[in-house]
Amino acid sequence: MKNLNKKQSLIIAAAMAFFSAAAIFVYLKQLRIEMTSEAGLVAGTVINREQTYFNAYGEFIALEELPKSEALQISLEKNKYFTLMRIEVIEDTVILHARCTKGFFKGTELYAKYNKRDGMTEYEIREKTKIPFTRLFFPVS
């Protein structure tokens, strides 16, 4: 096998570093997609169950910060990202706060506001990551 000179070795090392960095950013993007998808599922499930509860009892149910609710028949314990939820009720408005408690997105919060008359009026993922510069490359949509 032929020995590589310094210039060839430098080019190979630079190419490996570039492809390694690209792979890391692709992985981080995939994690964000998974987290965003789970946030939508959590918001949809909670709001749907709150509507069902409202139809049965004529009011929404508020919850302290817990991983599950027997009344709403929801459990977030097996979720990968959003594992805790808190539900506030103000008259005919439900405000959902779901949090990531571990992993890469620890501290990220899902905020969703649902009103019986107007439907979903606010939806936001307040993202926190362990690597702050990822917001520059992957803005929250």
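By the criterion of side-chain heavy atoms lying less than 4.5 angstrom apart, applied directly or through intervening Ile, Leu, Val, Met, Phe, Trp or Tyr residues, Met35 is grouped together with Ile24 in one hydrophobic cluster. Taking hydrophobic clusters as Ile, Leu, Val, Met, Phe, Trp and Tyr residues chained together by side-chain heavy-atom distances below 4.5 Å, Val46 does not share a cluster with Leu41. Residues Val89 and Leu84 do not share a hydrophobic cluster, defined by chaining ILVMFWY side chains whose heavy atoms lie under 4.5 Å apart. By the rule that hydrophobic residues join a cluster once side-chain heavy atoms approach within less than 4.5 Å of another member, Phe60 and Leu66 end up as members of separate clusters.
Here CD1 of Ile125 is found 8.0 Å from CZ of Arg32. Values are rounded to the nearest 0.5 Å.
Residue pairs meeting the ring pair (Phe, Tyr, Trp, His ring centres under 6.0 Å) criterion with at least one member in residues 77-96, sequence neighbours excluded, are Tyr81-Phe105. Screening residues 66-83 for salt bridge (Lys or Arg N to Asp or Glu O under 4.0 Å), with sequence neighbours left out, gives Glu34-Lys80. Under the salt bridge (Lys or Arg N to Asp or Glu O under 4.0 Å) criterion, the residue pairs touching residues 82-91 are Arg86-Glu88, with sequence neighbours excluded. A salt bridge (Lys or Arg N to Asp or Glu O under 4.0 Å) check over residues 47-63, counting only residues at least two apart or in different chains, returns nothing.
Legend: residues meeting salt bridge (charged side-chain N to carboxylate O under 4.0 Å, His left out) with Arg99, ordered by chain and number and at least two apart, are Glu65. In terms of the side-chain hydrogen bond (donor to acceptor under 3.5 Å, both in side chains) criterion, residue partners of Thr101 (sequence neighbours excluded) are, by chain and number, Thr83. By the ring-ring contact (aromatic ring centres under 6.0 Å, His included) test, Tyr27 is found to be paired with no residue, residues two or more places apart in sequence or in another chain being considered. Annotation: side-chain hydrogen bond (donor to acceptor under 3.5 Å, both in side chains) contacts of Tyr114 (sequence neighbours excluded): Gln51. In terms of the side chain to side chain contact (heavy atoms under 4.5 Å, CB included) criterion, residue partners of Thr121 (sequence neighbours excluded) are, by chain and number, Lys113, Asn115, Asp118. Glu109 meets the salt bridge (charged side-chain N to carboxylate O under 4.0 Å, His left out) test with Arg126; sequence neighbours excluded.
Each of Leu96, Ile47, Ile74 was compared with Ile87 under the side-chain contact (heavy atoms from CB on, under 4.5 Å) criterion, and only Leu96 meets it.
Leu110 and Ala39 get closest at one heavy-atom pair: CD2-O, 3.4 Å. Nearest heavy atoms, Met120 versus Ala112: SD-CB, 4.0 Å.
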Show me the donor-acceptor pairs within less than 3.5 Å that the side chains of residues 7-21 make with the rest of the protein, sequence neighbours left out.
| residue | atom | partner | partner atom | Å |
| --- | --- | --- | --- | --- |
| Gln8 | OE1 | Asn5 | N | 3.2 |
| Ser9 | OG | Asn5 | O | 3.1 |
| Ser20 | OG | Met16 | O | 2.8 |

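Few gaps surround CD on Gln30; more than 12 heavy atoms of other groups in view lie less than 6.0 Å from it.
Through side-chain heavy atoms spaced under 4.5 Å, either directly or across other Ile, Leu, Val, Met, Phe, Trp or Tyr residues, Tyr111 is tied to Ile90, Ile95.
For the pair Leu63 and Leu72, the minimum side-chain heavy-atom distance is below 4.5 Å.
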